[in-house]
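Presented below is the structure to which this report refers.
Chain letters run A, B, ... following the sequence lines, proteins first and then strands; every chain starts at 1.
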Amino acid sequence: MKIATWNVNSLKVRLPQVLQWLTDNPVDVLCLQETKTVDEKFPVAEIEAAGYHVVYTGQKTYNGVAILSRHPITDVVKNNPLFEDEHQRIIIGTIQGVRIICAYIPNGQSLESDKYQYKLRWLAGLHALLAQELKQHENVALLGDYNIAPEDRDVHDPVAWQGQVLVSEPERAAFVRMQEMGFTDAFRMFEQPEKLYSWWDYRQMGFRLNRGLRIDHILLSPALAKRCTACVIDKVPRKWEQPSDHTPVIATLD
DNA sequence: ATGGCATGGTTTCCATGA
């Protein structure tokens, strides 16, 4: 079973790329973030025609998440029942016995911003949700745009980024807390190329200069980590015309 | 030097992203 995550930065703009990518990479599950699409305008027919079931929750302009799956999706939950939130940032479903949590964690903007405090509160709510899901399910996977680069090796220029949003100590502590709950960063289970990231700034030739961050992750519960045989970042779509600034992460489960 | 680019909506600028 292959599960993947991709922040598409507008599904309306990126739908052709999503369909192309799924043709090239027929994964079982693809979690999307930043669909930026209200539910009434979600491209259900196009995705179903590609052979995928889909569940989604969106809003106007911002945020929005979806799970695409080759297999039926059951027990769907939209948003975090333990954290009141105007934003559509979480969708959960069970696929082939795996509890798939698709999350778009807030950006935080800057340490001085109210949005940063919201991010930290949101992460505390996520911790509570994960604890609840772990009680109920053995196979839990959290896939998405975390907006956290866990370690300095996940940052192209750790000195320039030191203390900034996405790498600040409280954010990294929130990531560590998930690891302490039993989750494993699938990417770091395996030997990886150096300086491989999942996001690059659109500006100033960020991708060409490999000025990136690894902020999109797949965390696996203990039972799933045992089944994980590979995890890769696919940089190919970032090279396409009019790309998302993020690129997909894929984990393979036995 | 707080810019640079991309997206969607309130559309010819603004908010947001990371």
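Using a 4.0 Å cut-off between a side-chain N of Lys or Arg and a carboxylate O of Asp or Glu, A:R172 and A:D152 qualify as a salt bridge. Using a cutoff of 4.0 Å between basic side-chain nitrogens and carboxylate oxygens, A:D114 and A:R121 are not scored as salt-bridged. Between A:D185 and A:R214, at least one side-chain nitrogen of the basic residue sits less than 4.0 Å from a carboxylate oxygen of the acidic one, meeting the salt-bridge criterion.
Residue contacts shown for A:H87 are absent, as no nucleic acid heavy atom lies under 4.0 Å away. Contacts of A:Y197 with the nucleic acid, taken as non-hydrogen atoms under 4.0 Å apart, are absent. Across all strands, A:E34 comes closer than 4.0 Å only to sugar-phosphate atoms, never to a base (heavy-atom distances).
With sequence neighbours left out, the side-chain contact (heavy atoms from CB on, under 4.5 Å) criterion links A:D245 to A:N9, A:W199, A:Y202, A:R238. Partners of A:V55 by side-chain contact (heavy atoms from CB on, under 4.5 Å), not counting sequence neighbours, listed by chain and number: A:I67, A:I73, A:V76, A:I91. Partners of A:Y146 according to the ring pair (Phe, Tyr, Trp, His ring centres under 6.0 Å) rule, which considers only residues two or more places apart in sequence or in another chain, are A:F175, A:H217.
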Can you pull every protein N or O that's under 3.5 Å from an N or O on nucleotides 6-8 of chain B?
residue	atom	partner	partner atom	Å
B:dT7	OP1	A:R14	NH1	2.8
B:dT7	OP1	A:R14	NH2	3.1
B:dT7	OP2	A:Q242	NE2	3.3
B:dT7	O3'	A:S10	OG	3.3
B:dG8	OP1	A:S10	OG	2.3

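Pairs of Watson-Crick or G-U wobble type, with distances under 3.5 Å, assemble into runs of 3 or more in DNA chain B at these ranges: B:5-9 with B:13-17.
For residues 204-218 of chain A, proximity to DNA chain B is found at A:Q204, A:L213, A:I215, defined as any non-hydrogen atom under 4.0 angstrom from a strand atom.
Within the structure, a side-chain polar atom (N or O) of A:H246 is placed less than 4.0 Å from OP1 or OP2 of B:dA18.
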